[in-house]
Amino acid sequence: MTNGPRQSDVLIIGSGAAGLTAALNLADRFQVTVLAKGALDDGSTAWAQGGIAAVLEPGDTFESHIEDTMVAGAGLNDRAIVEFVVENAPDAIARLAELGVPFNQDGNSLHLTREGGHSHRRIVHVDDATGWAVQQALIRAASAHPNITLVPDMVAIDLATSRHEERYSGAGHVWGVYAVSRTSGRVEHFTARATVLATGGAGRTYLFSTAPRGATGDGIAMAWRAGCRVSNMEFMQFHPTCLYNLEVKNFLITEAVRGEGGRLINPVSGMRFMPDYDDRLELAPRDIVARAIDAEIKRDGLDFVHLDISHMPPDFVRGHFPNIHDKLIGLGIDMTTDPIPVVPAQHYTCGGIVVDRDGRTDLPGLYAAGECTQSGLHGANRLASNSLLECFVFGEAAARHIAANWDALPPPPAIRPWDESRVTDSDEEVVIKQNWTEIRRFMWNYVGIVRTTKRLERAAHRIKMMNEEVADYYGHFRVTPDLIELRNLLQSAELIVKSALRRKESRGLHYTLDYPALAPGPVDTVLVP
């Protein structure tokens, strides 16, 4: 059952840093609706422990931050985009401070920490829970704005495009989205002159991930089905240090622990092992540290390695990492005296929907910002703490372009209501659970930190079989949030595997035993629907 469309000027899908930044930059002129898949603070932003990278330290330069980003990205970054983001970083921090984000101070200036791949201290933070503080400030500001309507618990199904118009058109324009309410189970359609995807990454395609449960690649999958190009999906960043604990899933131990002196130890030999892999030791870029840990684990048949900062003064450790310290104490680990058991886990989706510097996608009326995009900033591997930064800069850029080109955005035509006249309620939810688990397991085993062509082909074969099963299920049963996520998860997995099979080299986060060398000249992997 559907009602008539819910109309606004601009529709934003996602309530994290990118989505709310866009909303706040548009709301003085336009009516903005923001859809959240669950609660307003359920996305990745609230989980970001580390901070936001910006050139603020005396002696640091934009050129240095640009260079660090290019080096981490293995030369695949778009230099003009890197310059654009880095140069806009200090202003983005200033605006967040105005919104009331209580950044840690060092006397009269901001306290800066350092993370892997950075040549200077340039990470502004709020203790070890920066994302949470940023998310709360953005929600406060958005809730207080009379022109912003926040709609939680709406799961987007598909973009409404020209082919959904009552008078069919092949123009490829995006007019909003069909979404199902978690509370009523009803499908509604939201229409707007401009739609912004800010839906986050696809981390939950993997068995071990630091991403929130909702990171099922929804925006990437919806944009692909609607006709957008998708790029560089093979570059999945694995965070080297996720807590290994069978009770607690996805608890990240921030890179700043290594930035402040933490060492990685092999629990069997008791020896620090990073000197064997890289001169930068524990502060090497994430792909190198993750592969080193993976190699130690595989060689010695371990479940985890140790991250040890217990040689630092206890007050220093508690003062720098109060949230992590308290969480670990609750699990019987005192990081001031004991090592922390850690494993790598999927952490960030470096590829995504192709966008330009204004956040425009290939489809008129559709913009995208944040982790669901491939803007050219991250290249083959994201530099630490450049992710929140990208959300602010591109959320603002998309808003600026929408506002500047408002008169060129036509009002939405009549859109067909969602048709569920030929479907029934599912009596087999177990099928969804089984497929979800299977995808995450084969992606972890076959498309993980170290890959081979044979493993990738095995994954592709499984995806092909599951595609038929899921399409059949989707065609016969009424949509549920779990079914929508399964469909998007499978679509994301397919895009990752297709991209990985196309790259005949090892670059950044994509490491394959069949092609261990770099190919001459960096080239993006671009998939065209």
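For this chain, numbers begin at 1 and follow the sequence in order.
- Side-chain polar atoms of Ser119 and Asp68 form a donor-acceptor pair below 3.5 angstrom.
- When all heavy atoms of Gly448 and Tyr206 are compared, the pair lying nearest together is CA-CE2, 4.3 Å.
- The pair Arg272-Asp308 does not count as a salt bridge, with every side-chain nitrogen at least 4.0 angstrom from each carboxylate oxygen.
- Between Tyr348 and His239, the distance separating the two ring centers is not shorter than 6.0 angstrom.
- Taking 4.5 Å as the limit, every side-chain heavy atom of Leu509 sits out of range of all side-chain heavy atoms of Met236.
- A salt bridge does not link Glu255 with Arg114: none of the charged nitrogens is closer than 4.0 Å to a carboxylate oxygen.
- For the pair Ile139/Leu20, a side-chain contact is recorded, criterion being any heavy-atom separation below 4.5 Å from C-beta on.
- Using a 4.5 Å heavy-atom cutoff, the side chains of Arg263 and His306 are not in contact.
- Between the side chains of His347 and Thr210, at least one donor N or O lies within less than 3.5 Å of an accepting N or O.
- The minimum heavy-atom distance linking Ala74 with Gly508 is given by the pair CB-N, 3.9 Å.
- The side-chain heavy atoms of Pro152 and Arg182, taken from C-beta on, include no pair separated by under 4.5 Å.
- One finds a salt bridge joining Arg79 and Glu63 here, because a Lys/Arg side-chain nitrogen approaches an Asp/Glu carboxylate oxygen to under 4.0 Å.
- Looking at Asp358 and Arg400, no side-chain N of the basic residue comes within less than 4.0 Å of a carboxylate O on the acidic one, giving no salt bridge.
- Between Arg258 and Glu115 there is no salt bridge, since none of the side-chain N atoms of the basic residue sits less than 4.0 Å from a carboxylate O of the acidic one.
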Test Glu57 against Arg121 for salt bridge (Lys or Arg N to Asp or Glu O under 4.0 Å), laying out the working first.
-> CA-CA 7 Å; Glu57 183 183 55; Arg121 286 185 169 265; 5.4 Å; no

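- At least one side-chain heavy atom of Met233 sits under 4.5 Å from a side-chain heavy atom of Ile220.
- At a cut-off of 3.5 Å, with distance as the only test, a side-chain donor of Asn386 or His65 sits close to an acceptor on the other residue.
- Exactly one residue among Ile253, Ile309, Asp127 makes a side-chain contact (heavy atoms from CB on, under 4.5 Å) with Phe321. That residue is Ile309.
- Of the candidates Ile123, Asn104, Val124, His111 forms a side-chain contact (heavy atoms from CB on, under 4.5 Å) with just one, namely Asn104.
- Under the salt bridge (charged side-chain N to carboxylate O under 4.0 Å, His left out) criterion, Glu390 pairs with no residue, sequence neighbours left out.
- Pairs of residues two or more places apart, or lying in two chains, that qualify as side-chain hydrogen bond (donor to acceptor under 3.5 Å, both in side chains) and include a residue from residues 87-98 are Arg95-Glu396.
- Residues satisfying the salt bridge (charged side-chain N to carboxylate O under 4.0 Å, His left out) test with Lys298, not counting sequence neighbours, are Asp294.
- Shown here are the side-chain hydrogen bond (donor to acceptor under 3.5 Å, both in side chains) partners of Asn323, two or more places apart in sequence or in another chain: Asp128.
- Take Ala519 and apply the side chain to side chain contact (heavy atoms under 4.5 Å, CB included) test, not counting sequence neighbours, and it matches Glu505.
- Pairs engaging residues 263-302 under the ring-ring contact (aromatic ring centres under 6.0 Å, His included) rule: none recorded [sequence neighbours left out].
- Between Val82 and Met70, the closest side-chain pair of non-hydrogen atoms falls below 4.5 Å.
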Steps toward ring-ring contact (aromatic ring centres under 6.0 Å, His included) verdict (Trp444, Phe238) | CA-CA 11 Å; Trp444 183 259; Phe238 289 80; 5.8 Å; yes

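- A 4.5 Å side-chain heavy-atom check between Leu456 and Tyr446 finds every atom pair outside the cut-off.
- You'll find the side chain of Thr69 stays beyond 4.5 Å of the side chain of Val85, heavy atoms only.
- Using modelled atom types and a 3.5 Å distance limit, the side chains of Ser387 and Glu371 yield no donor-acceptor pair.
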